[in-house]
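This report refers to the structure that appears directly beneath it.
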Amino acid sequence: MQQAGELASVLCPSFILASVPSTDSSVTLVEVSPRDGLQNERQLLPASVKVGLVDRLSGAGFRAIEVTAFVSPTAVPQMADAADVMAQITRHAGVRYSVLTPNMRGLEGALAARADAICVFGAASESFSQRNINCSIAESLERFRPVVAAARAQGLVVRGTVSCALGCPYEGDVTPTAVARVAGELLAMGCDELSIADTIGVGTPESTRRVMESVLGIADVSRVNGHFHDTYGRALVNIDTCLDLGIRSFDSSVAGLGGCPFAPGATGNVATELILERLAARGFETGVDLAIVRDTGVWVRAQLLGR
Ligand code: HMG
Ligand code: MG
């Protein structure tokens, strides 16, 4: 297998970043329940409930919330009200409200909705790329390039996600080299931040370490985020591994909601309640109020049960 430095020079020579593990005791949580959580629920919740969720999360102290997705309503009907939700949330100063944008049409929606940040979402596996966004990895990168450039020109923060970084529901194993290759392309086209995603929750501490070390060979640790689905209950130990590598940004989802309609068998994201407990026990600060998060989890579960 290629070493990280060797890989970096192959991928994007101009983008080799000296990655020094962070010793910072503060962790950024990006709350993704309004998007990743609700996109996978069978019933369509009214926009007012989604707005209520986002506003509760803002009140809990999150500095970054993934609100919705400007994607095809045929592909993901749960996100069809993206513009309405963005129009109705109460914005708190200092909170980054982000949205998913697979193409220029998505970016137009994001700009009209005054999103602070966008996310282009690619994959390290060809089959998942085809199922999720209906194109190959290479085509997706070409599609993202103008989206990233236009978003940056408008002053938006840009996240690039690499899905299936620890395994693919259709192909099985995915190599760290494949993950770093896509991550390197996303950085080189201008993404500010990389989200490395265990879409189906199959990572172990060992495979998580291999993949993250590969990514840290090409990206500064301050730009790397971990997104862990918790299918086999290993999200927290995988996050522990990331923390040991100096990564200080993670996605989380209240009540453990989440999943991708195009990743069969995967369950929700790591529950915000659990990651907050774990981080506090390890001495990390997030600025997020656990009591409000717990209440929000109970509230959103009740909404989903129609109570
Ligand atoms: P396509 O069929 O190749 O694109 O879909 P198209 O350009 O031919 O358009 C098809 C239809 O979608 C057209 O409508 C377009 O107007 C419409 P029609 O003429 O058939 O009525 N359309 C749009 N509508 C609204 N907003 C847009 C947009 N673009 C096209 N931006 C496309 C390609 C990417 C659009 C489609 O496959 C899609 O929207 N996929 C959604 C994928 C998705 O949202 N997946 C879940 C989120 S990713 C995830 O969960 C993983 C993550 O959590 C990390 C992890 O866990 O791995 C982030
Ligand atoms: Mg996800």
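Counting convention: from 1, in listed order, for ligands and their atoms alike. Not measured: the values here are computed from a predicted model.
Among the atoms of C260, no N, O or S atom falls under 2.8 Å of the Mg ion (ligand 2).
The protein heavy atom nearest to atom 32 (C) of ligand 1 is I133 O, 4.3 Å. Counting only heavy atoms of the protein, atom 25 (C) of ligand 1 lies nearest to V71 O, 3.2 Å. For atom 2 (O) of ligand 1, the closest non-hydrogen atom on the protein side is N134 ND2, 3.4 Å. When hydrogens are left out, the protein atom nearest atom 34 (C) of ligand 1 is P102 CB, 3.7 Å; that is the closest non-hydrogen contact. Scanning the protein for heavy atoms near atom 47 (C) of ligand 1, the closest one is Q39 OE1, 3.4 Å. In terms of protein heavy-atom proximity, atom 36 (C) of ligand 1 is closest to S72 CB, 4.2 Å. Summary of contacts: the protein heavy atom closest to atom 38 (C) of ligand 1 is A75 CB, 3.8 Å.
For ligand 1, the atoms closer than 4.0 angstrom to any heavy atom of G106 are 31 (N). Close approach of ligand 1 to F70 is summarised as follows: ligand atoms under 4.0 Å from at least one heavy atom of the residue are 26 (N), 27 (C), 31 (N). Close approach of ligand 1 to D36 (heavy-atom distance below 4.0 Å) involves ligand atoms 53 (O). Less than 4.0 angstrom separates some heavy atom of R105 from each of these atoms of ligand 1: 15 (C), 16 (O), 17 (C), 22 (N), 23 (C), 24 (N), 25 (C), 26 (N), 27 (C), 28 (C), 31 (N). Atoms of ligand 1 lying under 4.0 Å from any heavy atom of N103, numbered from 1 in the order shown and given with element: 27 (C), 28 (C), 29 (N), 30 (C), 31 (N), 35 (C). In summary, the atoms of ligand 1 found under 4.0 Å from a heavy atom of N132, numbered by their order in the structure, are 37 (O), 40 (N), 41 (C), 42 (C), 43 (C), 45 (N), 46 (C), 48 (S). Using a 4.0 Å cut-off to heavy atoms of S163, the atoms of ligand 1 that qualify are 51 (C), 54 (C), 55 (C), 57 (O). Those atoms of ligand 1 that come under 4.0 Å of a heavy atom in P73, given as number and element, are 24 (N), 25 (C).
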Open item on the list: One pair to check against side-chain contact (heavy atoms from CB on, under 4.5 Å): T199 and F128. What are the steps and the verdict?
Closed with: CA-CA 10 Å; T199 311; F128 185 77; 4.0 Å; yes
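Ion pair R282/D244 flagged as a salt bridge, since at least one NZ, NE, NH1 or NH2 atom sits closer than 4.0 Å to an Asp/Glu carboxylate oxygen. Salt-bridge check for D240 with R278: passed, with a basic side-chain N closer than 4.0 Å to an acidic carboxylate O. A salt bridge is defined here as a Lys NZ or Arg NE, NH1 or NH2 lying under 4.0 Å from an Asp or Glu carboxylate O, and E193 with R159 meets this definition. With respect to R152 and D192, a salt bridge is recorded, a charged nitrogen being found less than 4.0 Å from a carboxylate O. Using a 4.0 Å cut-off between charged side-chain N and carboxylate O, E206 and R209 make no salt bridge. At a threshold of 4.0 Å, the pair E277-R294 counts as salt-bridged, since one of the basic side-chain nitrogens sits closer than that to a carboxylate oxygen.
For atom 4 (O) of ligand 1, no protein heavy-atom neighbour is found at a distance under 4.0 Å. Contact annotation for atom 19 (O) of ligand 1: protein absent (non-hydrogen atoms, distance under 4.0 Å). For atom 41 (C) of ligand 1, the protein comes within 4.0 Å by at least one heavy atom. Within a 4.0 Å radius of atom 29 (N) of ligand 1, the protein contributes one or more non-hydrogen atoms. Less than 4.0 angstrom separates atom 9 (O) of ligand 1 from none of the non-hydrogen atoms of the protein. Distance remark: protein heavy atom present below 4.0 angstrom from atom 44 (O) of ligand 1. Remark: atom 55 (C) of ligand 1 lies closer than 4.0 Å to at least one protein heavy atom.
Cation-pi contact between R105 and F70: absent, since separation from the ring centre below 6.0 Å together with deviation from the ring axis within 45° is not met.
Closest approach of R91 and Y97 over heavy atoms only: CA-OH, 3.6 Å.
No side-chain donor from either of S48 and Q88 sits under 3.5 Å from a side-chain acceptor of the other. Under 3.5 Å, the side chains of H92 and D55 contain no donor-acceptor pair of N or O atoms.
Each of L156, I65, V67, V157 was scored for a side chain to side chain contact (heavy atoms under 4.5 Å, CB included) with R96, with one residue passing: V157.
Residue-level check: among N/O/S atoms of H229, NE2 sits closest to the Mg ion (ligand 2). Closest to the Mg ion (ligand 2) among the N, O or S atoms of D36 is OD2.
Between the side chain of S33 and the backbone N or O of G37, no donor-acceptor pair lies under 3.5 Å. For T272 (side chain) and S253 (main-chain N/O), a donor-acceptor pair under 3.5 Å exists by modelled atom type.
A heavy-atom separation below 4.0 Å is found between L100 and ligand 1. Judged by the shortest distance from any of its heavy atoms, R35 lies inside the 4.0 Å radius around the atoms of ligand 1.
If you look at T199 next to ligand 1, the close heavy atoms, those under 4.0 Å, come from the backbone and the side chain alike.
Both V76 and L107 belong to a common hydrophobic cluster when Ile, Leu, Val, Met, Phe, Trp and Tyr are linked at side-chain heavy-atom distances under 4.5 angstrom.
Checked by distance only, ligand 1 and D198 stay at 3.5 Å or farther apart across all their nitrogen or oxygen atoms.
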